[in-house]
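Written below as structure tokens is the structure these notes are about.
Any value given below was found using the heavy atoms of this structure, including those in side chains, with hydrogens, waters and symmetry copies removed.
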Amino acid sequence: MTRWWKASLNGARRRDEHPAVPLTAAELAADAVRCAALGVAAVHVHPRDADGVESLSPPVIAEAVTAIRAARPGLPVGVSTGAWIAPDPADRVAAVRAWSVLPDFASVNAHEEGAEAVAAALHERGVLVEAGLWSVDAVRAWRRWRVPAGRLLIECLAEDPARALADAADMLAILVPGDPAVLLHGEGAATWPVLVEAVRRGLDTRIGLEDTLHLPNGELAPDNAALVAHARALGTT
């Protein structure tokens with residue numbers, strides 16, 4: 001049985017993709033409360049500025065993290081440091097060093113330029129580093145880091161479920177005993193098959209509107225809570 005569940009509440013999704021995508025700090029907090037009540041152990045969010053644009057700026061991060069913690073005390077909160085948010089690695093490092101409110105964890109995509117420097121800035125500030133691994137080459141890139149990661153995100157981004165499952169198997173095959181805990185997840189059409197595989201392997205996993213807009217039967221999900229409820233049901237049967 002899967003040990004640890006995370007809700008990925010919004011990612012880079014826009015409201016025109018789904019009306020229930022939470023964008024504001026208050027909306028993220030409300031969804032976090034609903035998902036935590038269904039059994040998730042943490043939430044991963046992409047905070048937005050006043051224009052709805054993803055941002056790593058200290059006020060934006062502080063507002064989202066503070067709102068979630070106030071609404072659901074004790075629920076770990078993580079954010080993304082993806083290069084699409086701030087393309088210059090130096091800007092990402094500077095943002096992390098300037099954060100006035102720290103998330104509990106943050107993801108760093110190992111294949112991105114400057115990934116190790118961003119991970120180092122997070123580690124220096126006491127934020128758990130999640131190494132985002134999208135390929136076998138990314139796993140090898142992470143192994144060259146001199147910065148410890150607290151969790152490995154095996155992220156299967158291929159839309160084709162068979163390809164995504166094969167990618168997962170390839171990445172998992174080169175991990176070794178003693179590596180950090182693994183969270184396995186997919187995206188789009190591969191979300192549910194990869195989640196089932198994570199459950200089968202007893203790995204941590206995640207679910208939310210960042211990864212898919214649809215329930216296992218293909219119907220549009222009403223919201224994040226519905227996705228979590230279906231995922232938790234799969235994980236306990």
Side-chain angles (χ1 to χ4, degrees), residues 1-50 52-55 60-80 82 101-107 127-128 130 151 153 155 183-196 198-199 203-237:
M1 180 183 298
T2 292
R3 301 168 297 171
W4 193 82
W5 292 81
K6 182 196 294 182
S8 49
L9 298 181
N10 61 345
R13 297 281 190 191
R14 304 180 310 274
R15 193 88 81 196
D16 59 2
E17 294 180 78
H18 194 294
V21 173
L23 300 180
T24 69
E27 291 166 350
L28 290 169
D31 261 19
V33 169
R34 287 189 285 267
C35 293
L38 293 167
V40 302
V43 292
H44 169 77
V45 300
H46 291 221
R48 312 297 177 90
D49 64 17
V53 178
E54 290 182 75
S55 175
V60 171
I61 296 296
E63 182 184 23
V65 173
T66 299
I68 293 169
R69 287 180 176 154
R72 182 72 184 213
L75 181 69
V77 183
V79 301
S80 172
V101 176
L102 296 174
D104 297 282
F105 55 91
S107 59
V127 178
L128 183 143
E130 296 186 312
R151 185 158 43 245
L153 306 182
E155 307 191 77
L183 184 151
L184 173 64
H185 79 95
E187 289 192 357
T191 299
W192 292 104
V194 174
L195 185 144
V196 168
V199 170
L203 298 173
D204 301 338
T205 193
R206 77 180 204 186
I207 192 67
L209 290 173
E210 174 174 356
D211 295 337
T212 184
L213 303 179
H214 297 92
L215 299 173
N217 64 4
E219 293 180 3
L220 188 69
D223 51 25
N224 276 306
L227 289 170
V228 169
H230 278 79
R232 295 286 286 152
L234 287 173
T236 56
T237 56

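- Annotation: side chain of L183 is in contact with side chain of R206 (closest heavy-atom distance under 4.5 Å).
- With respect to the salt-bridge test (charged N to carboxylate O, under 4.0 angstrom), the residues K6 and D204 do not qualify.
- Here the CZ-CG distance, from R151 to L153, works out to 7.0 Å after rounding to the nearest 0.5 Å.
- Between the side chain of N10 and the backbone N or O of V21, no donor-acceptor pair lies under 3.5 Å.
- The minimum heavy-atom distance between H44 and S107, with the atom names listed, is CE1-OG, 3.7 Å.
- Residues E27 and R15 are paired through a salt bridge, judged by an N-O separation under 4.0 Å between the basic side chain and the carboxylate.
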Output side-chain donor-acceptor pairs under 3.5 Å for residues 60-67, partner residues at least two apart or in another chain, one line each.
{"unit_1": "T66", "atom_1": "OG1", "unit_2": "A62", "atom_2": "O", "d": "2.7"}

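- Checked by atom type, the side-chain pair H214/E219 shows no donor-acceptor distance below 3.5 Å.
- Residues L184 and V194 come closest through the heavy atom pair CG-CG1, 3.7 Å.
- When each of V228, L227, L75 is tested with C35 by the rule side-chain contact (heavy atoms from CB on, under 4.5 Å), just one qualifies, namely V228.
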Let me see the working for D211 and H185 under side-chain contact (heavy atoms from CB on, under 4.5 Å), right down to the final yes or no. CA-CA 8 Å; D211 295 337; H185 79 95; 3.4 Å; yes
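- For the pair H18 (side chain) and R14 (backbone), a donor-acceptor distance under 3.5 Å is absent.
- The only member of V40, D223, V45 that meets side-chain contact (heavy atoms from CB on, under 4.5 Å) when paired with L9 is V45.
- Residues E187 and T212 are not in side-chain contact: their nearest non-hydrogen atoms beyond the backbone lie 4.5 Å or more apart.
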Should R48 and E54 be marked as a salt bridge (Lys or Arg N to Asp or Glu O under 4.0 Å) after you check the CA-CA gap, both sets of side-chain angles, and the distance that decides it? CA-CA 4 Å; R48 312 297 177 90; E54 290 182 75; 5.1 Å; no
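- L195 places a side-chain heavy atom less than 4.5 Å from the side chain of W5.
- The two residues N224 and P22 make their nearest non-hydrogen contact at ND2-CD, 3.7 Å.
- Electrostatic pairing of D104 and R69 counts as a salt bridge here, judged by a charged N lying under 4.0 Å from a carboxylate O.
- Relative ring orientation between F105 and W4 is described as perpendicular, the plane-to-plane angle rising above 60° on a 0-90° scale split at 30° and 60°.
- In terms of heavy-atom proximity, A226 sits nearest to P222 at CB-CD, 3.5 Å.
- Here the shortest heavy-atom pairing between H46 and A12 reads ND1-N, 4.1 Å.
- Screening L128, V43, V127 for a side-chain contact (heavy atoms from CB on, under 4.5 Å) with P103, the sole residue that qualifies is V127.
- For the pair S8/I207, no side-chain contact is recorded, criterion being any heavy-atom separation below 4.5 Å from C-beta on.
- For the pair D49 (side chain) and S55 (backbone), a donor-acceptor distance under 3.5 Å is absent.
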